[in-house]
Number of protein chains: 2
Amino acid sequence: MAVTIKEVAKAAGVAPSTVSRVIADHPRISPATKKRVKKAMKEMGYHPNANARNLANRSTQSLGVVMPSSADKALQNPFFPEVLRGISAVAHELDYSMLLCTGETDEEMLEAVKRMVFSNRTDGIILLYSQVDDPIMEFLLEQDFPFVIVGKPAARVDEITHVDNDNIRAGKEITNHLIGMGHECIAFIGGSEDRIVTIDRMRGYELALEEAGLPYLDEYRIHTEFLKSGGRQAVHELFALPKPPTGIVIADDLMSIGVVNMLEEFGKRVPDDISIVSFNNVYLSEITRPPLTTVDIHIHGLGSQAAKCLIEKVKNKEEPSKRIIVPFDIKYRSSTKAIKPQLEG
Amino acid sequence: MAVTIKEVAKAAGVAPSTVSRVIADHPRISPATKKRVKKAMKEMGYHPNANARNLANRSTQSLGVVMPSSADKALQNPFFPEVLRGISAVAHELDYSMLLCTGETDEEMLEAVKRMVFSNRTDGIILLYSQVDDPIMEFLLEQDFPFVIVGKPAARVDEITHVDNDNIRAGKEITNHLIGMGHECIAFIGGSEDRIVTIDRMRGYELALEEAGLPYLDEYRIHTEFLKSGGRQAVHELFALPKPPTGIVIADDLMSIGVVNMLEEFGKRVPDDISIVSFNNVYLSEITRPPLTTVDIHIHGLGSQAAKCLIEKVKNKEEPSKRIIVPFDIKYRSSTKAIKPQLEG
DNA sequence: CTGAAAGCGCTAACAA
DNA sequence: TTGTTAGCGCTTTCAG
């Protein structure tokens, strides 16, 4: 059995409460006893028991992190380890621990979250995704349990604290990059339309086209769960169009890699025959061929900001809801190329 | 404040201890009261407080998971979300929660682990890596704290419970695949030589060459932290050799992607000019170009087995140390090609 | 089969 | 500035 506060107290010749005060770095305590107690703690190898502390404090000093259901392959996205690092950085600094939560199905996840909340295992929750009609979010809202979203809530945007990029603007800027290079037929490929991030990035794409007076055909937009089977077909159809695109905006680096490969299968070379831009700037996008021009969304920052907000919120229930926009920047690499002027006839 | 055991007891007209027994599904309790208590629990929306329980039980019902230091980019490897899923699956099933632990530097991580252990936040720890002279492992050993390794320990293999693939055999088999296709000059590219997994996979590679009576030159072996700068140079040198390789065994799918791209930069095409095989079978290896022939190490299984072993160990301190070998299989895709017979002179 | 009571290790009034 | 004393919410002897 580990050494307890009582034993330290006895050894230092003080009351347990005094030791407790030393631990909490209470102001009104004489330097002398403080020193003496600290010495005893060190000598005896004392470490406060988190459970006991938390029970007495009615807190847990831990943050729950919910990764999306692992049903889809998207979970293998390097985005996740990276946000986790961001969260971990500030959690660690502020002495919180991270409770991770995943599951195969949505029900399983909801159940896991409920357990975390009801059994008082966590002070607050970070949702690493945002989608329409998310039962987990609804549950949290209903319980009035502190949480923040990495991404943008599907509704009640002003009531829910979230950390996001300005994905609309990012979508617009990256599309403008293509437009600036002379592209006029630009397609969009994204994941599920339930994910807010997809919606926003596509919105930016649309705005850019609109402002430039370029056409945005329905046939230019593809939503595919995650490439493979269905995706291949869709991409193929893109090039059967009367005016096939010369540029594509893709909602995620990982998808880009798949698309680039499909394209080459169909005999299209990136960037010579077709230009590609995407989002996230995961490590992979640098080492792929060609290296991807992509929006660096500062994943780590998303995570650390989310953790910061959540902790503030946990500490102060009255903390107003916030919206933190993490800046992005564009990494220009070699997946795009200025379009060759088309010779008529 | 949430409803407590006392309130339930009062409502059901029994003592708190009786409620506690119902929660624990104690055998000696009359069906009548059991039913009555359950009803009250349900009606009042009672959920036991984990902290209080754990304090009384001196346990935490949670597993610590240590991801390697995020100093290197390797952390973005999709391997991690995937093991995490595996661990999560059994943790969830057995009603454990997962405490995640990372850090920028090795010292930071050691500190974080110490805190988890000393403050009694976790019952046991899973190490998601294995390297020589790992201070975290040494600490755990010293404290006699339950832990298991995903991978193979650098030393004291029989004393430390671990879950691993037979990486030596996997290395051998995948190399044999290349040999079987007529390749005679085969190189190896791996990460840090401190990582046991690299060592083992390379050992398998060596054994295969040896058995086949093929040369394995020092110049055929490259160890590079993670591609980029140094790696490019190294790969370049490979082809400056008098007998450049026609096949490469690469220790990780992610590295493969980088290597394939470098290769093509140098004008070598995979698999036409050079064949490539690697390890892990992360999702990416399917969608890359060409799709990679790779060893499927069953990442999910590694995670779930590790969690299972750890929980056994936590429940029973006397549990003997084990070595679980998760089977692998090879996914044959199109990054390899039988070698063209060389015409003399 | 059930209840009373002590205690897990710590914190936080309230006194002194 | 420090000690005393009640808990935090649950489990677990020990009686009955």
Response to the item:
The nucleotide from D:dT11, D:dT2, D:dC10 with an atom nearest the side chain of B:N49 is D:dC10

Worksheet item: So, is A:T33 near the phosphate of D:dT2, with a side-chain N or O under 4.0 Å from OP1 or OP2?
Response: yes

Discussion item. Taking B:Q61's backbone N and O only, do any of them form a donor-acceptor pair with B:D123's side chain (distance below 3.5 Å, no angle check)?
Written reply: yes

Practice prompt. May I have the distance from A:N54 (atom CG) to C:dG9 (atom P), rounded to whole angstrom?
Written response: 15 Å

Item to complete: Please work out if A:V14 contacts a base, only the sugar-phosphate, or nothing of the nucleic acid, heavy-atom cut-off 4.0 Å.
Response: sugar-phosphate

Item to complete: Send over the distance from A:K10 NZ to D:dT2 P, rounded to a whole Å.
Response: 20 Å

Item to complete: Side chain of B:Y46 only, please: which of D:dT2, D:dC10, C:dT11 is the nearest?
Response: D:dC10

Worksheet item: Can a salt bridge be assigned to the pair A:D25 and A:K34 using a cut-off of 4.0 Å between side-chain N and carboxylate O?
Response: yes

Practice prompt. Using a 4.0 Å heavy-atom cut-off across all strands, classify B:L55 as base, sugar-phosphate, or nothing.
Written response: base

Worksheet item: Could you give the CG-to-P distance, from B:N51 to D:dT11, as a whole number of Å?
Response: 13 Å

Worksheet item: Could you give the CD-to-C1' distance, from B:E7 to D:dG9, as a whole number of Å?
Response: 10 Å

Worksheet entry | Shortest side-chain distance from A:A52, nucleotide among C:dG9, D:dG9, C:dG3 | C:dG9

Worksheet item: Roughly, in whole Å, what's the span from NE2 in A:H47 to C1' in C:dC8?
Response: 19 Å

Worksheet item: To the nearest Å, how far apart are A:R58 CZ and C:dC10 P?
Response: 17 Å

Response to the item:
Separation of C:dC10 atom C1' from B:N120 atom CG, nearest Å, is 13 Å

Discussion item. Nearest to the B:A56 side chain among D:dG7, D:dG9, D:dG3, which nucleotide is it?
Written reply: D:dG9

Discussion item. Here's a test for you: under side chain to side chain contact (heavy atoms under 4.5 Å, CB included), which of A:K10, A:E7, A:K6 qualifies with A:P16?
Written reply: A:K6

Discussion item. Once you measure the plane-to-plane angle for A:F139 and A:F118, does it fall in the parallel (<30°), tilted (30-60°) or perpendicular (>60°) bin?
Written reply: perpendicular

Discussion item. From the set D:dG3, C:dT11, C:dG3, return the single nucleotide nearest to any side-chain atom of A:S20.
Written reply: C:dT11

Response to the item:
Which of D:dG3, C:dT2, C:dG9 is nearest the side chain of A:R21? It is D:dG3

Fill in: Side-chain donor/acceptor of A:S17 to base of D:dT4, under 3.5 Å
yes

Discussion item. Salt bridge or not between A:E82 and A:R85? Use side-chain N to carboxylate O under 4.0 Å.
Written reply: yes

Item to complete: Would you tell me if any nitrogen or oxygen in the side chain of A:N57 comes within less than 4.0 Å of OP1 or OP2 on C:dA12?
Response: yes

Discussion item. Using a heavy-atom cut-off of 4.0 Å across all strands, would you classify B:S30 as base, sugar-phosphate, or nothing?
Written reply: sugar-phosphate

Practice prompt. Report the distance from atom CZ of A:R53 to atom C1' of C:dC8, rounded to the nearest whole Å.
Written response: 16 Å

